[in-house]
Structure formats: structure tokens, C-alpha cells
Amino acid sequence: MPTVNLELQMKFLTELNEALTDALDRYADEGADKLAELNYMKQEVARARLVIAERMDHDDDDKKSDRRSRRVAAGFQEAAFS
């Protein structure tokens, strides 16, 4: 399974959010339809950022759990007798 660089995705979404904010400022005098579309896109970017942040937190928790499991398992290793 290929790994996904969540930090890179978060960086992209942050830049996209900034671009949408700039577009909303630039097109403030445009029609309501264009502004509504830009606002919708901005909401979707915010939702995607939350999903990515949750995945990043979950991955961090998994890594901590793996390290903890290895430490506990090391304490219970059996000695080999010949």
C-alpha cells in the first residue's frame, strides 16, 4: 500500500485556502454566484484540512502505540535454554 505524505497534503490545502481567501477579496464585487462558489470551495478545503489533521493525529498515536508495544514486549522476552 503506498504511503501518503499528509504533511504535503496539508501544505497544499493551506496554500489553496490562502488562494481562495485572496480570490474572495479580489472578486468581492462580482456576482453572488461566484462568491457562493468560492465560499463553498473554502468550506470544503477547511473540511479536508480537518480530515487530514485527524489522520495525522491518528498516525502519531499509532506510532506511539507501536513504540510502547515494542518496549513492553522487550521486557517479556524469554531466555533461550540450551
#### Entry: Of all pairs that satisfy side chain to side chain donor-acceptor pair (under 3.5 Å), the ones with a partner from residues 7-17, not counting sequence neighbours
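Sorted pair list: Asn17-Lys42.
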
### Query
If two hydrophobic side chains count as joined below 4.5 Å and joins carry through other members, does Val4 share a cluster with Leu13?
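Yes, it is one cluster - the side chains of Val4 and Leu13 are joined through contacts under 4.5 Å.
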
### Task
For residues 22-35, pull every pair meeting salt bridge (Lys or Arg N to Asp or Glu O under 4.0 Å), keeping only residues two or more places apart or in separate chains.
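Output for this query is empty, none listed.
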
### Heavy-atom closest contact (Tyr27 atom, Leu38 atom, distance)
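Shortest heavy-atom contact: CD1-CD1, 4.3 Å.
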
Show me, pair by pair, the donor-acceptor contacts under 3.5 angstrom made by side chains of residues 47-54, not counting sequence neighbours?
| unit_1 | atom_1 | unit_2 | atom_2 | d |
| --- | --- | --- | --- | --- |
| Arg47 | NE | Glu44 | OE1 | 3.2 |
| Arg47 | NH2 | Glu44 | OE1 | 2.8 |

### Message
Rounded at 0.5 Å granularity, tell me how far CG in Asn39 sits from CG in Leu24.
### Response
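Rounded to the nearest 0.5 Å, the CG-CG separation comes out at 5.0 Å.
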
### Task
With rounding to the nearest 0.5 Å, note down the distance linking CE in Met10 to CG in Leu8.
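Between atom CE of Met10 and atom CG of Leu8 there are 11.5 Å.
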
